[in-house]
Amino acid sequence: MSQSANVIYLKDYKVPAYLLEQTTLKFELYPTETLVSSSLSFVRNPECTEHNPALTLLGHEDLELVALSLNGKALAESAWQREGETMIVAGVPESFTLDVVTRILPQENTALEGLYLSDGMYCTQCEAEGFRRITFYPDRPDVMSVFTTTVEADQAQFPVLLSNGNPVASGQTENGRHWVTWEDPFPKPAYLFALVAGDLTHIEDHFTTASGRDVLLRIYAEAKDLDKLEYAMESLKRAMRWDEEVYGREYDLDIYMIVAVDFFNMGAMENKGLNVFNTSCVLAHPSTTTDAAFQRVEGVVAHEYFHNWSGNRVTCRDWFQLSLKEGFTVFRDAEFSADTNSRTVKRVEDVALLRTAQFAEDAGPMSHPIRPESFIEISNFYTLTVYEKGAEVVRMIRTLLGEAMFRKGSDLYFERHDGQAVTTDDFVKAMEDASGRDLSQFKRWYSQAGTPELTFSDHFDAASGRYTLSVAQRCPATPGQPEKLPYHMPLAVGLIGADGQEVTLDNGATTQILELTDSEQSFVFEGLAEKPVPSLLRGFSAPVKFSYPYTQAQLMFLMAHDTDGFARWDASQQLVVGIMHQLMAAREQGDALQLPEDLVTAFRAVLTDTQLDPAMVAKVLTLPSEAYLAELASCIDVDAIHEVRCFLRSALAEALEPEWLATYNAHQTVGSYSPDAESIAHRSLKNLALSYLMALETDASLTLAMQQYESSDNMTDMQAAFSLVVHSGFSEAAAQLLGDFYQRWQNESLVVNQWFAIQATDPKPGALARVKALLQHPAFDRRNPNKLRALIGNFCAQNKVNFHAADGSGYNFLAEQILLLNQQNPQVASRLLTPLTGWKKYPENRQILMKQALEQIMACKDLSKDVYEVVSKSLA
Ligand code: TRP
Ligand code: ZN
């Protein structure tokens, strides 16, 4: 396969030659095949300057064409041509109707793109290019059309038949079949089309919009999950209200539906009026769902709802603009979660994700700007860069413009482009026009890849009271981009005096937004009595790496006095990372590892300060992850990172044992389970304390964990105890709980996934053998992406010491699994590959083995585009 020839470039964008006024679809679902009949009314696009252009449709290579006619007349084979994914019909009139019939086999669709079966239920996934697996169609986001869809199936087996918009007609036919017709009045691209047919139950509710319209809300699932839908419904109503209050946007149809499916490649999909969700992002119940999963449900429900404006009403012109909808929508859902729960906690979690996974992506072979310039397979660009860094770029615009101007800009964007397919340039233009600000330099954030690095230094002149803060920016080279130009970014800065008081700055506040535009720049503050300690990038005001030569004492000072929650947490991270680096150096020298007394003092101060928010205490006292330390390293020594982290955890456990125990006891939640921010905070601190106590490996700590496992009334506490015991050296107790947990939860698919995940992430030796054995477990299903991620994904991405075993066994395992999945589910195969792509950052012995694994995959003759793109770029 010469996939290298099929690179798609942003610069090659051309407007479509024909526009679609109406799409009428009929699906006849049968056990052995599905017939799709479509009737498409095309008109010439006045914006296309070509003379008599041909009509270009897209259809997957394997798509079977049954019939094709133009204005009611069957088209001769010579009237059209198929090559790869394109079908070209030449000599078409100015306006015409094309009728297409295709035959598809959803029951054999394992890629989970297009129409497929999830646990006996028909559903679709059309983003980005799945619609072309259903029928021949102008499957590109700038072709928008209204849809009328009729779904026909066996009534007993598929009593519920859904599609986008409103149901307008239904009826029965012979042989026990029935049909429903749906009409979606809002023009949309094919990627937002959805169909669901199954034996589903639902809960329902109503929402009254600000203007007084009544919206019917329904969440559908299999009958066994009916009791797990309430939280998603409450989250949906909160999100709808929030978008009205914060953005002035109302929902537009009379019905909003969410369907939970177990087989899904991603988290969820914002299809107009008919969202399809991975069960993991919608089902929630205290006895089966952890706090983290509750919060994910709330966030994803909100995200998909927010897409109704940022994505559906205003959509993307082409897939290079993906961050237009995803970056903006992630920003919107993050703000919703911050307003609904704890703002600082949400920010800390998002920054931690960005700094570990997104920074690693920026530094690896797949590095790309938030608006990529080329791709082989667009599915590979649903990345942390497009989503999370994209959201940071929108956040920076808001910081630069201020809240009021940002709202004015978003209003202008929605008004100007409602019903259109647009570009990130259009988004920025609306922000510029509304605010009068020039964002031309800022736009480099859309075109340059890589994580900028800021180096701060300062100078205080005691005689004049003048404090000068200097900063230099650089951005490392990334594939195809050797040189970078300086970025325009906001630096939210505060200054703290020796007494711990914040200095009032020129703007009359204690935080000021400095605008960095040059590669080197200085900012001057006058009238200071003494040299302050700077608090830099408050709220993480730009997605960059930054350094200032803080002493340990200054970091501890910031931990105690900074009024910015993010900055306080960040100071603690810098302190602990510095100490871990010292310990790694000591280990390298063969010296014994020693716990610095200063760290004990700092931890004790935080642990015993009852005024602090317990959620922040838990964040501050959680040691930086192995993944974050790996990202910071220029050459990753997996074993050193793991050992030093384990040492520090045990040493801190021992040094502060009475404090951990007191904390564990003080933060027990009473009353029935609730996933509100405050209760979550107490549970997170309590379970962190338990994890330190378990690091002591004493019988007393085991007793505590076993008691918590037995007596907890919620999955958060149960799973925390379970996972600590399984990962501990108490092998008998671990074996007992593994059996017990499975016994209790074997009928809850999502809990069984956690049971797989916890075993896959057990750092003890022998994990690979255990994972291989679990692949044979009856509950494992290799067609289900959630199961693949739970076992294979977690082992390779989270269990670093075992995946990176010196004999290369982890790498070989992943290569084998990728080859097994390559044809079956290319999207998931390509994502699971990520841990191999960063091979250049490992020591030479690992590099050789990782590269061999990649080459083994590359040698396969029928690689999917998805896998080919990632492997070839990794080896380049
Ligand atoms: N647009 C979806 C979101 O909300 C992403 C998505 C869902 C997706 N399913 C997909 C992307 C399948 C690619 C393939 O973010
Ligand atoms: Zn999205």
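Everything numeric here is computed off the predicted structure, so don't read it as measured data. Ligands are counted one by one from 1 in listed order, and the atoms in each one are counted from 1 as well.
- Relative to atom 3 (C) of ligand 1, the option among Tyr382, Tyr387, Phe381 with the closest non-hydrogen atom is Tyr387.
- Residue side and main chain included, Glu304 places no N/O/S atom under 2.8 Å of the Zn ion (ligand 2).
- Less than 6.0 angstrom separates the ring centroid of Phe427 from the ring centroid of Phe328.
- A donor-acceptor contact shorter than 3.5 Å links the side chain of Asn278 to the backbone of Met266.
- Between the NE2 atom of His307 and the NE2 atom of His303, the angle taken at the Zn ion (ligand 2) works out to 100° after rounding to 10°.
- If you number the atoms of ligand 1 from 1 as listed, the ones under 4.0 Å from a heavy atom of Gln827 come out as 12 (C), 14 (C).
- Near Gln125, meaning under 4.0 Å from one of its heavy atoms, ligand 1 places the atoms 7 (C), 9 (N), 10 (C), 12 (C).
- Taking the six-membered ring for Trp and the full ring otherwise, the centers of Tyr116 and Tyr122 sit at least 6.0 Å from each other.
- When the Zn ion (ligand 2) is compared with the N/O/S atoms of Glu326, atom OE1 turns out nearest.
- Using a 4.5 Å cut-off on side-chain heavy atoms (C-beta onward), Met396 and Pro543 make contact.
- Of the listed residues (Ala268, Gly130, Gly267, Ser379), the one carrying the non-hydrogen atom nearest atom 6 (C) of ligand 1 is Ala268.
- Distances shorter than 4.0 angstrom do not occur between any heavy atom of Glu113 and any atom of ligand 1.
- At the shortest separation from atom 1 (N) of ligand 1 among protein heavy atoms lies Glu127 OE1, 2.5 Å.
- In Arg398, the CZ atom is crowded: over 12 heavy atoms of neighbouring residues, nucleotides or ligands sit closer than 6.0 Å.
- For a threshold of 3.5 Å applied to N or O pairs, the pair formed by Asn265 and ligand 1 contains no separation below that value.
- Under a cutoff of 6.0 Å and an axis angle of 45°, Lys272 and Phe186 form a cation-pi pair.
- Those atoms of ligand 1 that come under 4.0 Å of a heavy atom in Glu270, given as number and element, are 1 (N), 2 (C), 3 (C), 4 (O).
- In the vicinity of Met269, heavy-atom distances shorter than 4.0 Å reach the ligand 1 atoms 1 (N), 2 (C), 7 (C).
- Thr329 and His303 share no side-chain donor-acceptor pair at under 3.5 Å.
- Taking every heavy atom of Lys325 and a limit of under 4.0 angstrom, the matching atoms of ligand 1 come to 1 (N).
- Relative to the ring axis of Tyr9, Lys11 places its NZ or CZ within 45° and under 6.0 Å from the centre.
- Residue His307 approaches ligand 1 through these ligand atoms, each under 4.0 Å from one of its heavy atoms: 4 (O).
- In this structure a side-chain-to-backbone donor-acceptor pair under 3.5 Å is present from His368 to Met366.
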